[in-house]
Amino acid sequence: MTKPALQRFPAPALDTLPDDIRSRLLGVQEKSGFVPNVFLTLAYRPDEFRAFFAYHDALMEKDGGLTKAEREMIVVATSAANQCQYCVIAHGAILRIRAKNPVIADQVAVNYRKADITPRERAMLDFAMKVSADAQRLSEDDFAALAPHDFSDDDIWDIAAISAFFALSNRLANFTGMRPNEEFYLMGRLPKK
């Protein structure tokens, strides 16, 4: 077996972190049984950690016209296009759980156009992909393609903001050499016992 790539910026020790960050990491560990590497890696820069997760939570944890599964679907599709192993694996696990579908994340990551998704989800991902990879070419036609699917202006903002935010996240993950925790690979694939 090949030895995994080393992370360029080692995670700080938990006991050296500011209280608010350490508390958040311990809360995540209590809920999931492990601390996702993104938390440990970004804790290297505490002020940026706080800003990153404040915006993450504002986009991903709120109620609105997009379901939490749809939000994760955007992350998986755009992260695959950006070749971000960490986000595809980690958010793929969350997508499987939120969609209650053990295969959807793999389908979306490989080719969302051939995935078993609804026309609404396909339109959402078409728009998200354009924001992620070619935003300067957005036109009224792109917005018009969303109209038949009853996305509100706030929903469209969310699609774009999630795409843009995770473009940042993808680049940080790739830059730092962040690796997905092994726990993510099996999450949501098998029924809970």
Side-chain angles (χ1 to χ4, degrees), residues 28 31-32 36 38 52-53 55-174 180-181 183-193:
V28 168
K31 183 177 178 180
S32 65
V38 67
F52 180 93
F53 284 106
Y55 196 36
H56 171 278
D57 295 350
L59 291 172
M60 300 301 288
E61 299 302 327
K62 70 179 186 175
D63 293 325
L66 300 180
T67 68
K68 288 185 178 180
E70 287 171 331
R71 292 170 194 276
E72 295 297 338
M73 194 177 288
I74 294 166
V75 177
V76 172
T78 60
S79 296
N82 290 328
Q83 299 183 44
C84 181
Q85 181 188 53
Y86 184 89
C87 290
V88 169
I89 301 302
H91 289 274
I94 299 167
L95 173 56
R96 288 189 297 273
I97 291 166
R98 291 194 167 162
K100 297 178 176 56
N101 181 335
V103 300
I104 192 65
D106 296 330
Q107 291 179 350
V108 168
V110 172
N111 185 348
Y112 76 91
R113 290 174 187 90
K114 294 184 178 184
D116 296 325
I117 59 176
T118 67
R120 171 189 161 90
E121 292 164 339
R122 168 74 187 270
M124 175 188 75
L125 293 180
D126 285 342
F127 190 82
M129 294 297 280
K130 191 153 188 186
V131 169
S132 182
D134 210 15
Q136 71 279 9
R137 296 188 190 273
L138 281 170
S139 71
E140 285 306 312
D141 292 342
D142 298 301
F143 289 88
L146 294 173
H149 304 286
D150 296 322
F151 288 107
S152 71
D153 286 346
D154 282 342
D155 297 338
I156 294 168
W157 182 287
D158 286 343
I159 295 166
I162 292 165
S163 302
F165 176 79
F166 278 93
L168 163 74
S169 181
N170 298 157
R171 284 153 181 79
L172 284 171
N174 283 328
N181 303 66
E183 291 89 343
F184 284 126
Y185 287 92
L186 293 179
M187 287 173 57
R189 292 191 187 277
L190 303 171
K192 286 188 175 184
K193 294 181 180 182

Smallest separation among heavy atoms of Met187 and Ala93, with atom names = CB-CB, 3.8 Å
Could I get the full list of salt bridge (charged side-chain N to carboxylate O under 4.0 Å, His left out) partners for Arg171, not counting sequence neighbours?
-> none
Shortest non-hydrogen contact from Pro102 to Arg189?
-> CB-O, 3.5 Å
Contacts of Ala133 meeting side chain to side chain contact (heavy atoms under 4.5 Å, CB included) (sequence neighbours excluded), chain-then-number -> none
Quick one: pull up CE in Met73 and CZ in Arg122 and give me the separation to the nearest 0.5 Å.
-> 12.5 Å
Test side chain to side chain contact (heavy atoms under 4.5 Å, CB included) applied to Gln85 - qualifying residues, sequence neighbours left out = Ile89, Arg179, Pro180, Tyr185
Minimal non-hydrogen separation, Ile117 against Glu121, with atom names | CB-OE1, 3.1 Å
Spacing of CD1 belonging to Ile159 relative to CG belonging to Asp154, to within rounding of 0.5 Å | 11.0 Å
Between CG on residue Leu66 and CH2 on residue Trp157, distance to nearest 0.5 Å = 14.0 Å
Gap separating the CD1 atom of Ile74 from the OG atom of Ser163, nearest 0.5 angstrom | 5.5 Å
Run the numbers on Asp126 and Tyr112 for side-chain hydrogen bond (donor to acceptor under 3.5 Å, both in side chains), then give the verdict.
-> CA-CA 9 Å; Asp126 285 342; Tyr112 76 91; 2.6 Å; yes
Atom pair CG (Asn174) and CD (Gln83), whose distance is rounded to the nearest 0.5 Å = 8.0 Å
With Glu61 via salt bridge (charged side-chain N to carboxylate O under 4.0 Å, His left out) - residues at least two apart | Lys68, Arg98
Contact summary for Ala109 and Val88, nearest pair of heavy atoms = CB-CG1, 3.8 Å
Aromatic ring proximity Phe127/Phe151, centre distance under 6.0 Å = no
Give the intermediate values and the outcome of salt bridge (Lys or Arg N to Asp or Glu O under 4.0 Å) for residues Asp142 and Arg137.
-> CA-CA 9 Å; Asp142 298 301; Arg137 296 188 190 273; over 6 Å; no
If every non-hydrogen atom of Glu70 is compared with every non-hydrogen atom of Met124, which pair is closest and at what distance?
-> O-CE, 3.6 Å
Could you tell me which residues satisfy side chain to side chain contact (heavy atoms under 4.5 Å, CB included) with Val103, sequence neighbours excluded, listed by chain and number?
-> Asn101, Gln107
Got a donor-acceptor contact below 3.5 angstrom from the Asn111 side chain to the Arg113 backbone?
-> yes
Name the one of Tyr86, Phe166, Phe165 that satisfies ring pair (Phe, Tyr, Trp, His ring centres under 6.0 Å) with His91?
-> Phe166
Does a donor on one side chain sit under 3.5 Å from an acceptor on the other, for Asp155 and Ser152?
-> yes
For Ala160 and Val131, work out which heavy atoms get closest and say how close.
-> O-CG1, 3.6 Å
Taking it one step at a time, do Lys62 and Asp158 satisfy side chain to side chain contact (heavy atoms under 4.5 Å, CB included)?
-> CA-CA 10 Å; Lys62 70 179 186 175; Asp158 286 343; 2.9 Å; yes
Partners meeting side chain to side chain contact (heavy atoms under 4.5 Å, CB included) with Asp63 (sequence neighbours left out) | none
How far does CD1 of Ile162 sit from OG of Ser132, to the nearest 0.5 angstrom?
-> 12.0 Å
Given side chains that start at C-beta, do those of Ser169 and Cys84 come closer than 4.5 Å, heavy atoms only?
-> no
For Asp134, does the CG atom have more than 12 heavy-atom neighbours from other residues, nucleotides or ligands under 6.0 Å away?
-> yes
